[in-house]
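Sequence lines set the chain letters: A, B, ... in the order given, protein chains first and strands last, and positions in each chain run from 1.
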There are 2 protein chains.
Amino acid sequence: MSKQDDEERVLTQLAEVVGCCEPLAREPLSAQQSIELARVFKAMGDPVRLRLLSLIASHVGGEACVCDLTDVFDLSGPTISHHLKVLREAGLITGERRGTWVYYRVRPELLATVSAVLVPEKAEEPRCA
Amino acid sequence: MSKQDDEERVLTQLAEVVGCCEPLAREPLSAQQSIELARVFKAMGDPVRLRLLSLIASHVGGEACVCDLTDVFDLSGPTISHHLKVLREAGLITGERRGTWVYYRVRPELLATVSAVLVPEKAEEPRCA
DNA sequence: ATCCTGCTTCGACATACGTCTATCTTGACA
DNA sequence: TGTCAAGATAGACGTATGTCGAAGCAGGAT
């Protein structure tokens with residue numbers, strides 16, 4: 001089973017279990033839903049990983065090389081690599097090797113799903129009273 | 001320093017540091033921003049706490065008694081109390097004692113702030129006054 | 001006053017997590 | 001082929017976290 005498979009599996013499960021935009025305040029989450037969602041939040045629950053995510057998301061071209069990320073932190077290479085793996089396994093980013101370097105990009109659809117769970121109303125439709 | 005003060009402090013810091021709706025993908029988060037945000041995500045990074053949050057948010061009247069929450073889980077009272085404390089200290093919920101029982105309610109504005117950070121577009125933009 | 005009940009705090013324990021150094025893998029290039 | 005550099009993996013170590021039972025606190029009821 002490849003890493004790619006793992007990533008896909010997590011993302012599919014989340015969409016499947018959480019539903020497209022079922023808000024957290026509408027009805028109680030099931031045990032299964034909370035497990036899947038918590039996996040993502042836990043991955044974002046570290047300052048270094050949040051910054052990595054932000055660095056990748058805001059980088060030109062929507063992707064960032066690991067070498068760009070390592071210099072920002074006062075941490076060893078393996079530690080950065082570890083955090084990237086956690087983000088990857090949570091389905092938040094994908095990694096692709098091109099030649100010598102590995103490039104990461106975010107999965108905006110997962111961020112959007114998670115974001116939608118938090119607010120009672122769906123954001124995109126103009127909510128006019 | 002009361003518990004209430006702690007809660008307020010966290011919420012104030014988050015709004016202050018993160019900004020109203022600065023999306024994560026616009027520009028890299030600062031070290032300080034990532035620390036504040038990660039605190040909230042970490043609190044949500046546990047299945048039990050996510051379910052608690054959801055149970056409280058979706059409960060009738062927007063608040064739930066601890067006694068309502070305890071029965072849902074196969075966990076001891078102290079454990080539930082611990083998780084509620086973590087959510088409280090993250091600024092996600094507030095607790096109020098009324099007579100014998102303690103009632104919790106969510107802070108929707110914090111959820112909205114966090115939600116807005118995740119998506120590239122500002123959610124409240126087409127806000128009709 | 002005394003007891004009872006709902007909830008929190010305390011102290012202890014096993015496990016998970018973040019970090020490091022050392023080692024391995026992969027690809028480029030001579 | 002051999003070598004070098006970019007990342008990933010493995011193993012170790014200290015700390016944080018989730019859980020429990022026991023004890024403490026605060027309100028109501030008797």
What is the separation between atom [atom1] on [X] and atom [atom2] on [N], rounded to the nearest whole Å?
{"X": "A:Ile80", "N": "C:dC20", "atom1": "CD1", "atom2": "C1'", "answer": "13 Å"}
{"X": "A:Leu52", "N": "C:dT19", "atom1": "CG", "atom2": "P", "answer": "10 Å"}
{"X": "B:Leu87", "N": "D:dG18", "atom1": "CG", "atom2": "C1'", "answer": "14 Å"}
{"X": "A:Leu84", "N": "C:dG18", "atom1": "CG", "atom2": "C1'", "answer": "14 Å"}
{"X": "B:Ile93", "N": "C:dC7", "atom1": "CD1", "atom2": "P", "answer": "13 Å"}
{"X": "A:Asp46", "N": "D:dA16", "atom1": "CG", "atom2": "P", "answer": "13 Å"}
{"X": "A:Asp74", "N": "C:dG18", "atom1": "CG", "atom2": "P", "answer": "18 Å"}
{"X": "B:Trp101", "N": "D:dG28", "atom1": "CH2", "atom2": "P", "answer": "9 Å"}

Comparing A:Gly99 and A:Leu75 on DNA chain C - which has the more 5′ nearest nucleotide: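 Counting from the 5' end, the first nearest nucleotide belongs to A:Leu75.
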
Report which part of the nucleic acid [X] touches: base, sugar-phosphate, or nothing (heavy-atom distance under 4.0 Å, all strands).
{"X": "B:Tyr104", "value": "sugar-phosphate"}
{"X": "A:Thr100", "value": "sugar-phosphate"}
{"X": "B:His82", "value": "base"}
{"X": "B:Arg98", "value": "nothing"}

Atom CG of B:Asp71 with >12 non-hydrogen neighbours under 6.0 angstrom: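 Counting other residues, nucleotides and ligands, CG of B:Asp71 exceeds 12 neighbours.
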
Donor-acceptor pair, side chain of A:Ser58 and main chain of A:Ser54, under 3.5 angstrom: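 It does hold such a pair.
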
Please confirm whether the shortest side-chain N or O distance from [X] to OP1 or OP2 of [N] is below 4.0 Å.
{"X": "A:His83", "N": "C:dC17", "value": "no"}
{"X": "A:Lys42", "N": "C:dC17", "value": "yes"}
{"X": "B:Thr79", "N": "D:dC20", "value": "yes"}
{"X": "A:Ser76", "N": "C:dT19", "value": "no"}

A:Glu63 and A:Val106, any side-chain heavy atoms less than 4.5 Å apart: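 Side-chain contact under 4.5 Å: no.
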
Spacing of B:His59 atom NE2 and B:Leu69 atom CG [to the nearest 0.5 Å]: 7.5 Å

Contact nearer the 5' end of DNA chain D, comparing A:Arg97 with A:Pro78: A:Arg97

Nucleotide of D:dG7, C:dC7, C:dT19 approaching A:Cys65 most closely (side-chain heavy atoms): D:dG7

B:Arg97 and B:Tyr103: side chain donor to acceptor below 3.5 Å: no

